[in-house]
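I have placed the structure first, in the form of structure tokens, so that the comments after it can refer back to it.
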Amino acid sequence: MTNIAFLAAVALTASATFAGAADQVAPVTGTGTAKFVGAKGEDVGKADLSTTPSGVLINVEIKGLPASQWVAFHVHETGSCDAASHHESAGGHFNPDGKEHGYQAANGPHAGDMPNQYVGSDGVLRAQVINDAVTLDKGETGIVGRALMVHAKPDDYKTQPSGAAGDRLACGVIE
Ligand SMILES: [Cu+2]
């Protein structure tokens with residue numbers, strides 16, 4: 001085989017492989033962002049959200065949190081982050097199915113429940129979380145226009161209605 005014929009064969013194989021791979025990738029659409037407001041109303045970070053075939057992927061980075069500890073991370077039902085109200089403006093957990101709170105609850109969890117996340121020694125929470133109970137839209141399971149919340153304490157996954165997670169330290173409206 002000459003070099004040119006060999007290269008042509010490689011190119012043909014490569015394009016066939018590419019076309020095959022493209023056919024197998026499910027359509028992935030929908031992205032979102034959330035800018036987080038701290039306990040005093042200050043900017044503390046953001047999340048980038050994207051739709052995947054496995055759920056909504058949430059890539060988050062928030063500073064100024066209590067260092068070296070686990071904290072609760074939820075979707076709350078109302079897209080309002082008012083530091084003056086200690087972010088109570090965001091309401092309770094997003095719970096479109098009327099379930100109990102927590103992974104340990106017999107009739108749980110809320111769609112907005114997510115695993116606790118760990119804050120680094122620098123007070124920054126960096127995490128990537130998949131939530132397969134919600135969608136990135138305004139439908140029945142949609143979280144656009146709702147709020148992401150980080151609490152002062154970890155979620156115990158069983159106390160009703162919010163896992164004894166303590167104060168609301170950072171809140172971000174999903175847009
Ligand atoms: Cu919460």
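Quantities reported herein were computed from a predicted structural model and do not represent experimental measurements.
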How long is the gap from [atom1] on [X] to [atom2] on [Y], to the nearest 0.5 Å?
X	Y	atom1	atom2	value
D43	I62	CG	CD1	12.0 Å
I58	M114	CD1	CE	4.0 Å
S50	L136	OG	CG	8.0 Å
F73	L125	CZ	CG	7.0 Å
R146	M149	CZ	CE	13.0 Å
E42	K63	CD	NZ	8.5 Å

For T135 and T141: C-alpha separation, side-chain torsions, deciding distance, then whether side chain to side chain donor-acceptor pair (under 3.5 Å) applies.
CA-CA 6 Å; T135 52; T141 57; 2.9 Å; yes
In the structure I gave you, are the side-chain heavy atoms of [X] and [Y] within less than 4.5 Å of one another anywhere?
X	Y	value
L65	V150	yes
V56	I130	no
P115	Y103	yes
V60	L148	no
I143	L49	yes
E175	V173	yes
K46	E61	no

Got a sec: does the CG of D167 have more than 12 other heavy atoms crowding it under 6.0 Å?
no
Within 6.0 Å of CG in D97, more than 12 heavy atoms from elsewhere
yes
Keeping the roles fixed (side chain from [X], backbone from [Y]), state whether a donor-acceptor pair exists under 3.5 Å.
X	Y	value
S89	D82	yes
T78	S80	no
Q160	H101	yes
Y118	S68	yes
N107	E100	no

Under the criterion side chain to side chain contact (heavy atoms under 4.5 Å, CB included), I'd like the reasoning laid out for K153 against V71: C-alpha separation, chi angles, the key distance, then a yes or no.
CA-CA 5 Å; K153 297 195 288 185; V71 293; over 6 Å; no
Which residues share a ring-ring contact (aromatic ring centres under 6.0 Å, His included) with H151, sequence neighbours left out:
H74, H76
Is there a salt bridge (charged side-chain N to carboxylate O under 4.0 Å, His left out) between R168 and E88? Walk through the geometry before answering.
CA-CA 8 Å; R168 301 176 175 199; E88 290 298 325; 3.7 Å; yes
Pick out which of P109, P161, S162 makes a side-chain contact (heavy atoms from CB on, under 4.5 Å) with H93.
S162
If you look at every heavy atom in [X] and [Y], which pair is closest and at what distance?
X	Y	value
A72	A165	CB-CB, 3.5 Å
A127	Q117	CB-OE1, 3.3 Å
P96	A111	CD-CB, 3.7 Å
V44	G38	CG2-N, 3.7 Å

For N95, give me all partners under side chain to side chain contact (heavy atoms under 4.5 Å, CB included), at least two apart in sequence or on another chain.
K99, H110
Could you walk me through whether F36 and C81 pass side chain to side chain contact (heavy atoms under 4.5 Å, CB included), step by step?
CA-CA 8 Å; F36 283 87; C81 298; over 6 Å; no
Consider only side-chain heavy atoms of I, L, V, M, F, W and Y, link residues closer than 4.5 Å, and tell whether V144 and V129 are in one cluster.
yes
